Amino acid sequence: MIFRQLFDRQSSTYTYLLGDSEAGEALLIDPVFENVQRDAALLRELGLKLLATLDTHVHADHVTAAWLLKQRLGSQILLARAAGATQADRLLVHGERVQFGRRHLEVRATPGHTAGCLSYVLDDQGMAFTGDSLLIRGCGRTDFQQGNASQLYHSVKMQLLSLPGHCLLYPGHDYRGLTVTSVAEERAFNPRLGGDVNEADFCGYMNHLGLAHPKLMDIAVPANLRCGQPEGGAALPDEPTWAPLTCSFGGVWEIQPTVLEERLGDGADAIQVVDVREPAEFSDALGHVPGARLVPLSELAARAGELARERPIVTVCRSGARSAQATVLLQRSGFQAVANLAGGMLRWRAEGLPTEGGAA
Ligand code: FE
């Protein structure tokens with residue numbers, strides 16, 4: 001099984017990727033709207049098809065990427081029937097299974113933080129994804145979105161802390177840098193719900209937290225009730241329009257070799273190909289992309305003025321690593337339309353594309 005814990009800095013939200021590598025199928029739990037490029041790049045790089053996104057609840061602090069991922073990758077949108085959202089493909093209730101390859105998640109209703117909170121338990125009960133029902137040494141608030149402290153107390157005790165002690169618990173957020181806990185740890189050390197705390201203690205505590213409402217609540221809740229569909233089809237995150245590009249997991253825009261080859265010599269608004277290798281490499285056996293201009297990486301910042309600002313730039317090196325660095329340098333110098341040639345000259349040659357210089 002493939003497992004990745006991904007983080008959103010803005011809202012301290014964790015997104016979880018679960019994949020069956022043999023079947024090539026994956027799920028994402030609680031994806032964040034602004035991170036779609038990152039998550040799609042990771043799925044692509046891991047060779048996984050995204051079957052579905054699962055939200056643990058209707059979030060108040062960030063917008064889900066469920067709808068956007070469905071547009072981009074064709075994934076299904078899953079969340080609780082009790083969440084009352086539109087746009088979902090499948091409305092989940094307690095006891096259902098969500099399959100990915102030969103593995104599955106078991107759906108457990110854990111209301112209390114919101115009325116529609118679900119937790120997802122891996123088939124072997126080695127991991128559970130608790131959303132905001134149970135946080136590391138804490139739990140989600142219960143003072144809005146039909147929250148109910150008494151309900152949360154029973155949800156956590158009966159559905160989560162009843163799992164095997166070794167079961168790892170992955171929360172929806174952490175604000176202090178912690179990433180994972182276990183059932184045994186939370187039974188022992190959760191100050192709100194562990195040890196000898198009873199329902200009256202818990203409700204007394206939760207009903208007097210006096211927290212301010214989340215900053216994004218007025219935007220996030222209505223958007224999440226549409227599973228993250230922008231209101232009236234409003235703007236999606238900016239994707240470059242000058243060529244079909246992909247974003248690497250490292251956040252660098254990339255152009256595929258065949259796409260660049262088709263666009264070479266397009267006239268006045270043609271792409272400028274900038275080769276950032278050393279002069280000796282430019283004329284070695286690999287050769288270079290026809291029409292490429294040689295500007296070694298070490299000289300790029302000083303010589304950026306030689307490049308046309310109004311034309312897009314594709315950077316090239318041997319493998320794509322130095323040229324990725326070059327895209328960052330050029331963006332810092334104010335160039336907007338910049339992409340890296342994916343795989344560099346090695347991929348370009350391997351795909352049999354035309355070169356200048358180099359061995360036959
Ligand atoms: Fe929440």
Side-chain angles (χ1 to χ4, degrees), residues 5-16 28-35 53-67 77-88 91-92 94 105 107-121 128-156 159-160 169-181 186 190-193 202-203 205-207 209-228:
Q5 183 172 25
L6 305 161
F7 187 60
D8 177 64
R9 281 205 198 115
Q10 184 73 30
S11 62
S12 296
T13 299
Y14 287 122
T15 296
Y16 299 99
L28 275 177
I29 297 172
D30 287 338
V32 174
F33 193 87
E34 288 78 10
N35 298 335
T53 57
L54 296 81
D55 274 287
T56 54
H57 62 294
V58 171
H59 306 278
D61 58 352
H62 70 271
V63 176
T64 175
W67 178 85
I77 299 174
L78 277 58
L79 84 169
R81 178 174 295 280
T86 61
Q87 305 292 333
L91 295 170
L92 299 169
H94 184 88
L105 291 172
V107 176
R108 294 198 177 191
T110 51
H113 168 59
T114 73
C117 281
L118 297 178
S119 295
Y120 302 110
V121 180
F129 302 90
T130 59
D132 295 352
S133 299
L134 184 59
L135 302 174
I136 300 173
R137 310 294 189 268
C139 65
R141 60 199 293 176
T142 54
D143 58 337
F144 58 71
Q145 288 183 286
Q146 307 90 44
N148 181 316
S150 165
Q151 206 176 30
L152 182 59
Y153 178 85
H154 291 286
S155 290
V156 171
Q159 301 300 334
L160 299 174
L169 299 176
Y170 288 92
H173 300 282
D174 191 85
Y175 305 96
R176 296 162 301 163
L178 298 167
T179 53
V180 60
T181 182
E186 294 307 313
N190 191 301
R192 299 186 188 179
L193 287 149
F202 179 71
C203 293
Y205 184 105
M206 293 306 289
N207 292 334
L209 282 180
L211 298 170
H213 279 190
K215 277 176 287 185
L216 284 176
M217 186 168 173
D218 295 340
I219 298 166
V221 170
N224 287 328
L225 285 168
R226 300 187 301 269
C227 292

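Whatever order the structure lists them in is the order used to number ligands and atoms, beginning at 1. Residues: numbered from 1 along the sequence shown. Values in this document were obtained by computation on a predicted structure and should not be read as measured data.
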**His213 and Phe144 aromatic ring geometry - parallel, tilted or perpendicular at 30°/60° bounds** = perpendicular
**Item:** Whether His173 has an N, O or S atom under 2.8 Å from the Fe ion (ligand 1)
**Value:** no
**Message:** Centre-to-centre under 6.0 Å for Tyr16 and Tyr170, is that the case here?
**Reply:** yes
**Message:** Let me check your reading of the structure: within less than 2.8 Å of the Fe ion (ligand 1), is there an N/O/S atom from Asp132?
**Reply:** yes
**Prompt:** Relative to each other, are the rings of Tyr175 and His173 parallel, tilted or perpendicular (30° and 60° limits)?
**Reply:** parallel
**Prompt:** From the Fe ion (ligand 1) out to just under 2.8 Å, does an N/O/S atom of His59 turn up?
**Reply:** no
**Request:** Indicate whether the side chain of Asp30 and that of Thr56 have a donor and an acceptor atom separated by less than 3.5 Å.
**Result:** yes
**Metal-centred angle, NE2 of His57 through the Fe ion (ligand 1) to NE2 of His113, rounded to 10 degrees** = 90°
